Amino acid sequence: MKRVYVEDLSRHTGEQVEIAGWLYNQRGTAKLRFLLVRDGSGIVQCIAAKNELGEGLFALARSLTQETSLAIRGTVRADERAPGGYELLVTDLAKINDAHDYPITPKEHGTPFLLDRRHLWLRSKKQHAMLRIRHELIWAIRDFFNNRGFICFDTPMFTPNAVEGTTDLFAVNYFDTSAYLTQSGQLYAEAGAMAHGRVYTFGPTFRAEKSKTRRHLTEFWMVEPEVAFIDLDGLIELAEEMTVYIVERVLERRCNELADLERDTAPLEAIRRPFPRLHYDEAAEILVEYAKQHPDEGGVEFKHGDDFGGRHETILSDPYHRPVFITHFPAQIKPFYMKRDPDRPDCVLGFDMLGSEGAGELIGGSVREDDHDTLVQRIREHDLPMDAFDWYLDLRKYGSVPHGGFGLGLERTITWLSGRPHLREAIPFPRMLYRMRP
RNA sequence: UCCCCAGUAGCUCAAUUGGCAGAGCGGGUGACUGUUAAUCACUAGGUUGGCGGUUCGAGUCCGUCCUGGGGAGCCA
């Protein structure tokens with residue numbers, strides 16, 4: 001008999017097939033049971049009728065509990081009453097293994113309870129949908145860069161020093177010395193760009209910041225393209241094209257998953273190039289004015305020179321129904337490697353991209369300082385250990401060129417696309433300040 | 001690190017001013033041949049996060065600790 005996956009059942013209407021999976025839920029009467037069976041590719045309703053199966057098999061079907069693993073044979077048929085439009089009329093079934101007292105019931109549960117059982121929560125419909133969207137996004141990002149002549153350039157997880165001296169790092173034992181887990185592959189990607197012209201690094205990064213918000217993980221994934229011979233406009237264009245590409249791709253291939261998540265896709269379908277661009281000076285003006293007009297609202301105070309908080313990002317992106325770029329941030333709030341604007345030496349040639357619908361910062365990027373002596377001066381100004389950057393400075397000694405890149409936070413982007421309130425569901429096993437199990 | 005909030009049955013929650021600790025779901029038993037988180041009946045299930053205090057009496061008030069959640073700072 002033909003073994004098929006649930007997602008392919010519509011192509012086997014009228015045929016006898018076998019599926020193997022787990023019992024998601026069952027309901028019904030003393031003579032007719034509706035078994036919802038999931039096999040990883042989807043969920044199908046299987047009809048177990050007493051007069052078809054006989055006493056023994058029907059009693060077995062009725063005794064099956066949630067998450068019992070099983071194999072079912074039956075006839076595929078289309079039926080409007082079945083969730084998904086297709087169902088399986090059961091002719092034979094076999095239990096593979098029992099599941100007693102499965103803790104995640106079809107009713108509601110609190111997030112701490114579910115996170116403690118993340119290894120099981122992954123089986124639930126919405127979590128299943130989230131991680132399929134994650135898969136699609138990773139695939140789309142790789143396709144986007146691969147199709148444009150970028151080389152995948154993997155950078156190390158172990159690093160001897162901080163990229164940005166200010167941020168907390170995870171220290172680990174490294175034989176007789178210590179190392180840090182990377183917080184960005186960027187500096188190494190710059191070396192890659194000087195070798196290959198266009199590269200991207202895609203992997204996990206680690207931040208030991210004691211952040212306890214819906215936008216933070218201690219371990220998260222980031223894609224960082226780095227391009228030789230590119231300017232600020234070129235970088236923003238690249239970010240814009242990538243964003244439009246991945247949004248379209250998820251809408252096209254994962255509409256079922258978005259539906260399972262009850263995501264209203266209209267705001268995503270409305271996203272078109274170009275995205276609005278705001279100079280930091282304009283953004284600061286908007287925020288100062290907003291704070292003036294909303295004196296009772298807490299957390300909106302702002303003065304020129306400040307960095308944005310979560311609330312500020314929402315105020316800035318609210319008027320637009322597409323992502324927004326903020327450019328030319330003040331140099332004193334940005335890292336040492338960002339190149340200054342020659343016309344405005346107090347500003348950097350950098351940008352952030354804020355997602356629509358209050359998603360916050362999804363992308364941060366910049367043109368890099370390419371002059372050796374200026375970079376040395378910046379390292380001194382930021383009080384960073386010069387000897388840790390000798391190899392990085394070599395990139396400016398041997399044929400330095402204008403270049404730049406950006407980083408996209410994968411989980412934040414998944415959260416934005418899926419319309420969920422918290423990014424912890426965007427990764428199989430989230431690592432947070434007070435949560436490292438399972 | 002700081003600020004705010006929460007902790008009561010396996011889960012989600014209720015309990016008036018300090019006065020007999022409850023419901024729904026899940027589990028168990030039974031009824032039902034088209035259910036959509038099926039429905040209905042019956043049933044078992046509790047050291048109210050820990051310790052200490054106030055009180056005739058504390059789930060409720062006070063102190064303290066623990067655990068978790070949200071936010072700030074910082075960031076993707």
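The chains referred to below are lettered A, B, ... by the order of the sequence lines, with proteins before strands, and numbering in each begins at 1. Everything numeric here is computed off the predicted structure, so don't read it as measured data.
Within the 4.5 Å cutoff, the side chain of Glu241(A) has heavy atoms near those of the Arg148(A) side chain.
A donor-acceptor contact under 3.5 angstrom links the side chains of Thr75(A) and Gln16(A), judged on distance only. Looking at Asp370(A) and His403(A), their side chains never bring a donor and an acceptor atom within 3.5 Å of each other.
Taking every heavy atom of residues 126-146 of chain A and every atom of RNA chain B, no pair lies under 4.0 Å.
The C1' atoms of U54(B) and C62(B) are separated by 7 Å, rounded to the nearest whole Å. Separation of the P atoms belonging to U8(B) and G68(B) is 15 Å when rounded to the nearest angstrom.
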Let me have RNA chain B in dot-bracket notation, would you? Count Watson-Crick plus G-U wobble pairs, both distances under 3.5 Å, and use [ ] for pairs crossing earlier ones and | for inter-strand partners.
(((((((..((((.....[..)))).(((((.......))))).....(((((..]....))))))))))))....

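Lys125(A) is linked by a side chain to side chain donor-acceptor pair (under 3.5 Å) to nothing, counting only residues two or more places apart in sequence or in another chain. Residues satisfying the ring-ring contact (aromatic ring centres under 6.0 Å, His included) criterion with His135(A), sequence neighbours excluded, are Trp139(A).
Here Tyr434(A) does not lie in a stacked arrangement on the base of G68(B), lacking the combination of planes under 30° and ring centres under 5.5 Å apart.
Here the P atom of nucleotide A76(B) and the CG atom of Leu408(A) are 11 Å apart, to the nearest Å. Here the C1' atom of nucleotide G68(B) and the NE2 atom of His422(A) are 12 Å apart, to the nearest Å.
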Listing time: all N or O pairs from protein to nucleotides 8-14 of chain B that are below 3.5 Å?
residue, atom, partner, partner atom, Å
C11(B), O2', Glu108(A), O, 3.0
C11(B), O2', His109(A), ND1, 2.7
U12(B), OP1, Gly110(A), N, 2.8
U12(B), O2', Glu108(A), OE1, 2.9

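Between G70(B) and Arg215(A), no contact under 4.0 Å exists linking OP1 or OP2 to a side-chain N or O.
For the ring pair (Phe, Tyr, Trp, His ring centres under 6.0 Å) condition, no pair includes a residue of residues 416-438 of chain A, sequence neighbours left out.
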